[in-house]
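Below: the structure, in structure tokens.
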Amino acid sequence: MKIRIFANPHDAGIYAAALAEVVVAAKSRPVLGLATGATPTVFYDALVNLHRCGLDMSPVVTVNLDEYIGLPTDHGQSYHAFMQAHLFSRTNLAPENTHVPNGMAADLAAECARYDDVIRRNPIDLQVLGIGVNGHIGFNEPDDLLLSRTHVVQLRQETVAANARFFPRMEDVPRRAITMGVQAILQAERIILMAFGEEKAEIVARAVLGDVRTDVPASILQLHRDVTVVLDLQSARLLPEGKAGSAREGY
Ligand code: F6R
């Protein structure tokens, strides 16, 4: 794993967007795997800036990690709406090239199978990930086993609590989601894992330095050969000096 530690999320977002630009420029039909949540907003802002400076997003295909079950796509907190607001509506991405699971599907098993097919037809060149305070990636929650394929997940209490900051009332926070499985994530050519803030420091240290464990899903990324962990000073606080020091020299 390559670790890059920045003074602040803004600088980290610019770095992550520059990595994405390299992938976009290298392929005729680049595929970006994308995340939602607070963490990647700096990445999307920087990518939009690159687009305004000339980066053509029209050949890019996007495949999102997850979506809440039961929120209509036009609900302000749906991941469809998030992606529209932060990226899709601000670039020349073609709507038909953007993919987000349908959390309103009547047949959720069929929707999971359909999404696996989308992933199969669009192998991911670069997967952008955030990390939950409990170590989840996508919504692959800590458990005895990690599921390979797209599946319906019952969100853990700590995830519901963390997501509550985006909803007016606790009872409005979705309890279930559709998420890509770990196979799709690990099959991405390159991965960027982003984490910011003091509240992520402990889980970042466990994911990066600890053993590979299904109760720390992000630790499975240690098995991938091209992962860049993009941190700010707060989220990197529990990494040993040597690691942080060498990473600081590296950027
Ligand atoms: C969102 C996702 C989640 C988030 C994680 C961190 O698409 O897949 O794994 O990346 O919950 O969320 P934030 O960035 O809001 O702390």
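All ligand and atom numbering here is 1-based and tracks the order in the structure.
Under 3.5 Å, the side chains of Asp143 and Thr214 contain no donor-acceptor pair of N or O atoms. Inspection of the Glu67 and Asn102 side chains reveals no N or O donor paired with an N or O acceptor under 3.5 Å. Between the side chains of Ser235 and Glu198, no donor N or O sits under 3.5 Å from an acceptor N or O.
Close N/O approach between Tyr79 and ligand 1 is not found [any backbone or side-chain N/O within under 3.5 Å]. Ligand 1 has no N or O atom lying under 3.5 Å from any N or O atom of Ala35, backbone or side chain.
Scanning all protein heavy atoms for the shortest distance to atom 6 (C) of ligand 1 gives Ile131 O, 3.4 Å. Closest to atom 1 (C) of ligand 1, if we only count protein heavy atoms, is Thr36 OG1, 3.1 Å. Of all protein heavy atoms, the one closest to atom 5 (C) of ligand 1 is His136 NE2, 3.4 Å.
Sparse packing is recorded around CZ of Arg225, with 12 or fewer heavy atoms of other residues, nucleotides or ligands lying under 6.0 Å away.
Considering each of Gly132, Gly130, Gly138, the one bringing a non-hydrogen atom nearest atom 3 (C) of ligand 1 is Gly138. Of the listed options Thr39, Leu65, Asp66, Asp66 places a heavy atom closest to atom 7 (O) of ligand 1.
The closest approach between any non-hydrogen atom of Lys200 and ligand 1 is below 4.0 Å. In this structure, Arg165 counts as a contact residue of ligand 1, since one of its heavy atoms falls inside 4.0 Å of the ligand.
Here Arg90 pairs with Asp45 in a salt bridge; the nearest charged N to carboxylate O distance falls below 4.0 Å. Residues Arg120 and Asp116 are not paired through a salt bridge, judged by the lack of any N-O separation under 4.0 Å between the basic side chain and the carboxylate.
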Practice task
Could you give me the CA-CA distance, side-chain angles and deciding distance for Leu71 and Tyr79, then say whether side-chain contact (heavy atoms from CB on, under 4.5 Å) is met?
Solution key: CA-CA 9 Å; Leu71 290 193; Tyr79 288 169; over 6 Å; no

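If you look at Leu129 next to ligand 1, there are no close heavy atoms at all, none under 4.0 Å.
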